[in-house]
Protein chains: 2
Amino acid sequence: MSNIRTVARLAGVSVATVSRALAKPDLVSPRTRKKVLAAVDRAGYKPNLMAVQFRSRRTRNLVVLVPTIANPFFSRVITGIQQRAREAGYQVLLCNTLGQEDIEREYARMVQNFQADGVIQLRAFDPFSNEADAEGAGDDSLLPMVNACEVMPDCSYPSVQLDNRAAARAMTDHLVRLGHQRIGLVKGPQRSPLTRDRIAGYREALEAADIPFDESLLCPGDFSLQSGHRAAGTLITRDNPPTAIFCENDEMAIGAMQRIKQAGLRVPEDISIAGFDDIAFAAYSDPSLTTIAQPAEEFGATAAQLLIDLLEQGPANAPAQVLLPYDLKVRDSTGPAPTSDS
Amino acid sequence: MSNIRTVARLAGVSVATVSRALAKPDLVSPRTRKKVLAAVDRAGYKPNLMAVQFRSRRTRNLVVLVPTIANPFFSRVITGIQQRAREAGYQVLLCNTLGQEDIEREYARMVQNFQADGVIQLRAFDPFSNEADAEGAGDDSLLPMVNACEVMPDCSYPSVQLDNRAAARAMTDHLVRLGHQRIGLVKGPQRSPLTRDRIAGYREALEAADIPFDESLLCPGDFSLQSGHRAAGTLITRDNPPTAIFCENDEMAIGAMQRIKQAGLRVPEDISIAGFDDIAFAAYSDPSLTTIAQPAEEFGATAAQLLIDLLEQGPANAPAQVLLPYDLKVRDSTGPAPTSDS
DNA sequence: GTGAAAGCGCTAACAC
DNA sequence: GTGTTAGCGCTTTCAC
């Protein structure tokens, strides 16, 4: 493998000049630059990026911490991140953490080990938190991180998120206007702020319509198809079942829909179903799913931009907190509440 | 930031000893090791991995080239890769190439730039190919790469794939046994070997049953929901429409199913539908989808293992070519051919 | 505009 | 077992 010295010899210049010709072309004369480029070509020279990064203390790598790449919503977010990063000359290292904190910490440490310049975290968890605590380190300078999608409460990092409360309120309101009074809610993971915000929005809409909040209409879920299926089973077999079910994501809504049809009920004539995220399959379920669309790629692009700003311009006084718009997509899975009660 | 010298001073040993204590603990005495570890802790020392990798000429990074992470099948494969890689002490750098050759080449170059030790390519395309040609380089030593899932014909790299021909044949045979004589086939991307192999299997099954091959029953597709929807539209509105449609992946099958129901036809009473891959949504479509299950995680784990072997033991005489088993999952979307021939 | 030379932080011979 | 030392390939002062 040829190195910078080979090229220098071939071009009849010093290694410093080769380095400059490649990294800062306007610092060398056009003639020299040409000579160097020719030599590079002749030697088949490829700079050893490990050496470059080691020496210049920058990797141009961004680490993305994603709980699961199997989630179609995240894959769109990631695509957005990658596009923006590429434009700015950064590479993206995707880390599938499976939501496990130790894996998350391990990957986040790549920044401390100089393997990456910054982190985009798609989950409400601070992978740097208890390290500093444990060390009793007075190191209060935050590491370069941006939090997107699911954002930590009182987040001291720049963040990008949806107004989940408003979106859930809008969806619940849509159901209320269709005449539904008993609306089931299939929740996401208990600890997620997303879950809490969406429940809050749901409650707000009920209050605004003077419908009493009934805790027993809430069902646990974990964003999987299976959990939606299970939750729907619980809800439709209870006394006085709901006439509509709002699921906190589309997978659970699709799972719920199957369970309802298996029970011989019709969607939306007997029960309306609503989801959240607008994944590709939402438009292809039967009936097609009413849901909240999120600008997923924009989440990614915005998060990448915030991180790049942070890296290249240093931390601002107050970290940016971006709120992105939602879009209520009314399709065929929601309809008027059945008139004959019970 | 503290470095190895700080630690050496603190522990009262040489830098070499610190290096050894960390990388090869059994080469130093327990006492020294303890002293070093204590110093590491006290200094809050984190090795600069850029320096380590630069110096040792190994990154312990594996690059995975994936056409699109939005594909649920790939996300399972990737999970398998990551698990095996982690066990062996490697990190995975996921590169979403969107099937674009220039992006693929760019990422593959990370190996040449010493940013990664090897590549796992999930698409039938050699990102290193025309580089060598262009340079006229006599460099016939293949770069460390493993090809998985969609494998290049006459592949000179180690590879892992399904016996796609046998699988397609099994599925077609399943439909033939149900009495179907006119079986539509929705193809994948034209250039993919997957597509060709599956068509070959389809033809074999027809031949075995003495059913003449009818080219007009083949429809183009690109593995997307939309393309399945479109293809089904074409097939059901033609003269003498097929009584079954075999789609080369599940997304297209789900798209096709929607189109068929929109036309007022029933699945499987009027038309049977079959898919390929067994993604999570396949079991949750209405009716649930008959499909070919692939051991996706195992694809990933096997590919990772082959690459690690290649890296740690050097190339074998003949590259390993692994064939993984398929599993025909008969669900509710396929049934007997309608008796009244129209 | 260019070259000489000093390292970045670490590992790996090689001595002892 | 441990220390000394010579770099890995590159960037970046600092002279000229």
Side-chain angles (χ1 to χ4, degrees), chain A residues 1-40 42-61 89 109-117, chain B residues 1-40 42-61 89 109-117:
Chain A
M1 205 64 203
S2 59
N3 60 20
I4 200 171
R5 265 189 304 279
T6 326
V7 178
R9 210 177 316 119
L10 241 49
V13 298
S14 74
V15 292
T17 303
V18 176
S19 173
R20 277 191 285 256
L22 262 29
K24 291 151 179 164
D26 27 299
L27 287 190
V28 303
S29 76
R31 271 196 65 232
T32 327
R33 199 184 322 155
K34 234 176 112 183
K35 270 195 304 187
V36 171
L37 260 27
V40 164
R42 201 138 71 80
Y45 170 65
K46 305 237 193 300
N48 182 329
L49 282 193
M50 290 321 287
V52 173
Q53 294 171 2
F54 163 50
R55 189 53 238 247
S56 50
R57 308 188 130 280
R58 284 193 70 194
T59 62
R60 303 201 76 87
N61 286 162
R109 205 165 300 143
M110 291 176 74
V111 176
Q112 301 172 330
N113 287 340
F114 306 97
Q115 289 198 102
D117 297 343
Chain B
M1 203 64 200
S2 59
N3 60 20
I4 200 170
R5 264 188 305 278
T6 325
V7 177
R9 209 178 317 120
L10 240 51
V13 298
S14 73
V15 290
T17 303
V18 176
S19 173
R20 275 191 288 256
L22 262 30
K24 291 148 181 171
D26 27 299
L27 288 189
V28 303
S29 78
R31 271 196 66 234
T32 327
R33 201 183 320 154
K34 232 177 113 183
K35 268 196 304 187
V36 171
L37 260 26
V40 163
R42 202 138 70 81
Y45 170 66
K46 305 239 193 297
N48 181 329
L49 282 193
M50 292 318 291
V52 173
Q53 294 172 1
F54 163 51
R55 186 56 237 241
S56 52
R57 309 189 124 280
R58 284 192 70 195
T59 61
R60 303 201 77 87
N61 286 161
R109 206 165 300 142
M110 292 176 74
V111 175
Q112 302 172 330
N113 288 339
F114 306 96
Q115 290 199 99
D117 297 343

Peer 1: The side chain of Val15(A) lies closest to which of these nucleotides: dT4(D), dC10(C), dT11(D)?
Peer 2: dT11(D)
Peer 1: Rounded off to whole Å, could you give me the CZ-to-P distance for the Arg55(A) and dG9(C) pair?
Peer 2: 9 Å
Peer 1: At under 4.0 Å, does any side-chain N or O of Arg57(B) touch on OP1 or OP2 of dG9(D)?
Peer 2: yes
Peer 1: Closest approach to the side chain of Arg5(A), judged atom by atom: which nucleotide of dT4(D), dG9(C), dG9(D) is it?
Peer 2: dG9(D)
Peer 1: Measure from CD on Gln112(A) to C1' on dG9(C) and round the result to the nearest Å.
Peer 2: 17 Å
Peer 1: Phe54(B) on top of dC10(C)'s base, within under 5.5 Å and under 30°?
Peer 2: no
Peer 1: Within this structure, what is the CG-to-P distance between Asp26(A) and dT2(C), rounded to whole angstrom?
Peer 2: 12 Å
Peer 1: Choose from dT11(C), dG3(D), dC10(C) the nucleotide whose nearest atom is closest to any side-chain atom of Ser19(B).
Peer 2: dT11(C)
Peer 1: Rounding to a whole Å, what distance do you find between Lys46(B):NZ and dC10(C):C1'?
Peer 2: 17 Å
Peer 1: Verify the contact: side-chain N or O of Lys24(A) to OP1 or OP2 of dT11(D), cut-off strictly under 4.0 Å; return yes or no.
Peer 2: no
Peer 1: Provide, to the nearest angstrom, the distance between the CZ atom belonging to Arg9(B) and the P atom belonging to dT2(D).
Peer 2: 20 Å
Peer 1: Nearest to the side chain of Tyr45(A), which nucleotide is it out of dG7(D), dT4(D), dC10(D)?
Peer 2: dC10(D)
Peer 1: Check this one for me: any side-chain N or O of Ser29(A) less than 4.0 Å away from OP1 or OP2 of dT2(C)?
Peer 2: yes
Peer 1: At under 4.0 Å, does any side-chain N or O of Thr32(B) touch on OP1 or OP2 of dT2(D)?
Peer 2: yes
Peer 1: Out of dA12(C), dT2(D), dC10(D), which nucleotide sits closest to the side chain of Arg20(B)?
Peer 2: dT2(D)
